[in-house]
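Any value given below was found using the heavy atoms of this structure, including those in side chains, with hydrogens, waters and symmetry copies removed. Here is the naming used below: chain letters follow the sequence lines, and residue numbers restart at 1 for every chain.
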Amino acid sequence: MSRIRTRFAPSPTGFLHIGGARTALFNWALTRQQEGEFVLRIEDTDLERSTRESERAVLEGLEWLGIEWDVGPLRQSERAERHAEVVEALLESGAAYRCTCTKERLEALRARELESGGKGIYDGHCRDLALGPDCGPHTVRLRVDRSRSLRWDDLVFGPSGQDASEIGDGIIRRSDGTPLYALAVVVDDLDMEITHVIRGADHHSNTPFQLAIYHALGATPPIFAHVPLIVSESGRKLSKRRDPVSIQQFRAEGYLPEAMLNWLARMGWSHGDQELFSADEIIRHFDLDHVGRSGAQADLAKLESLNQHYLKARSPEALFEAARPFLEAVAGCPVPRSERLDKLLSLLCERSHQLVELAEKARFALVDEIEIDAAAARKHLRPVALEPLETLIGELEALEAWTPEALEEAFKKTCRTQGDLKLGRLAQPVRVAVTGTAASPGIYETLEAAGRERVVPRLKSAVEMIRKRIAGSS
RNA sequence: GUCCCCAUCGUCUAUCGGUCAGGACACCAGCCUUUCAAGCUGGUGAGGCGGGUUCGAUUCCCGCUGGGGACGCCA
């Protein structure tokens, strides 16, 4: 058997969304596995809605995910001549005909049809009129051979399609001379020798008409595999407005590409009980037979869980590399990598789901001025903490080494001299004073990460706060 | 409205006639504990309904119900 050739054909009318990304992933995975060729084709025939900007967004999204194409990006708009040529040939052979029906007539027709319980398809008004090129403004319709079967064996849905008698003569060229999607995809897929068309299930019911075009062209259709849609929590098709669907949005929030890939792969596809997949494993195991037929809801909680998993799985270098822009956004300045920061990051990814969250939690070690959470201060920076804090400051200032071990020693000693104070009674006020919040990694690691130069002043300012509080309440 | 498709825990799913219906996320509880997490242990939780076929149906068939998609001079 010859090599397979697949394609991903997004229309650049927005950003790369998760449905498209998953379709691309499935195409890519199968192609890599079979050592075929993967074509990227931009379907930009709708000039009004297509922009170079969103085309770039789509490419960037794919690149970020690590989905690489072998051919392209090709643009459908650049193939206009070829499309026109095919329509002319179809006209010539009689497989297509000119239609002068106005939009008004068609609308009225459809309304009347629907009203009387009909199918709302074209009635063939111009089918046998043999209209010539001089018939005025006209579209071109495919003369669907009504005796044929427009069925195929879908690799995901199984036997699909209907008889040609059930569909109408669809338009393949607009009155302005440009081709319609159905014509363009078929011609492009044929010219590009695409062997497997793997696309969203929203194309499932458009496929019969496309088969009719293949027939009219005397061509053999490719193999089709329709992948069920990813749906929103309401169970409907994803909406760009209401649902978080943009790949770049996820990226901006700090999701890792390996987590996205894993998440996307497991929506609709499975490999037994396995949940974790690297890109290589997806390629190795991907199988259209194990793509389900029902729509999948995008579960953000699962993505978060996967993202944390991959955050923890990253090497310190790779973690820092991914986190850097987020850390710098918090710091407001370049953030160099350091051993101290690496340690903090590894501690923080156990309590973060995305990089934005991680960077925010690292704030206390990145900036000089922190804000103290009011509720945390009220609860922990109380008069009873005053003496212990002052004692601790003395201990810390006397410390030679700023290590977790030395810090622990200082804390233990302070607790002892403060009448066997429970560690939590000291650790919590310190935590709030140093991080501004009541939650952080272990207190010694936290102090180590913040650095002596920041810890002592912050403790002193906390002491001041408490003093003011005492003065204010008396 | 017409055509097409889909239907297992809250969610993603495994199961290709015989399983105590499994896993993961989420959720709950316990352990751990200086906070928050993480981790560990345990737990709640599913075959939409009605008919068939069969010794036996989640699995095969039909109907119903529910949900979705397509019906453009959009892609």
Pick the [atom1] atom in [N] and in [M], then give their distance to the nearest Å.
N	M	atom1	result
B:U2	B:U44	P	46 Å
B:U58	B:U8	P	14 Å
B:C71	B:C60	P	30 Å
B:C12	B:G69	P	15 Å

**Prompt:** Under 4.0 Å between a side-chain N or O of A:Lys379 and OP1 or OP2 of B:U35?
**Reply:** no
**Asked** Under 4.0 Å between a side-chain N or O of A:Arg236 and OP1 or OP2 of B:G67?
**Response** no
Rounding to an integer number of Å, can you tell me how far [X] [atom1] sits from [N] [atom2]?
X	N	atom1	atom2	answer
A:Gln274	B:G22	CD	C1'	15 Å
A:Asp202	B:G72	CG	C1'	15 Å
A:Arg110	B:G72	CZ	C1'	6 Å

**Asked** Reckon A:Pro208 touches a base, only the sugar-phosphate, or nothing at all at heavy-atom distances under 4.0 Å?
**Response** nothing
**Message:** Under 4.0 Å, counting only non-hydrogen atoms across every strand here, what does A:Leu229 touch: a base, just sugar-phosphate, or nothing?
**Reply:** sugar-phosphate
**Request:** May I ask you to check whether over 12 heavy atoms, not counting those of A:Arg454, lie within 6.0 Å of atom CZ?
**Result:** yes
Is the closest side-chain donor-acceptor distance between [X] and [Y] under 3.5 Å?
X	Y	value
A:Asn27	A:His196	no
A:Thr435	A:Ser440	no
A:Gln428	A:Arg431	yes
A:Asp176	A:Thr178	yes

Which nucleotide, [options], lies nearest any side-chain atom of [X]?
X	options	answer
A:Ser11	B:U34, B:A75, B:C73	B:A75
A:Lys237	B:U34, B:A75, B:G69	B:G69
A:Glu166	B:C3, B:A70, B:C73	B:C3

**Prompt:** Which letter, B, S or -, goes with each nucleotide of nucleotides 8-16 of chain B from 5' to 3', with contact meaning a protein heavy atom under 4.0 Å?
**Reply:** ---BBSS--
**Fill in**
Protein-proximity profile, nucleotides 37-47 of chain B, B/S/- by nucleotide at the 4.0 Å heavy-atom cutoff, equals BSS--------
**Asked** Taking the six-membered ring where the residue is Trp, are the ring centres of A:Phe8 and A:Trp69 under 6.0 Å apart?
**Response** no
**Prompt:** So, A:Trp263 versus A:Phe250, ring centres under 6.0 angstrom or not?
**Reply:** yes
**Request:** Could you tell me which non-hydrogen atom of A:Asp169 sits nearest to which non-hydrogen atom of A:Val144, and how far apart they are?
**Result:** OD1-N, 3.0 Å
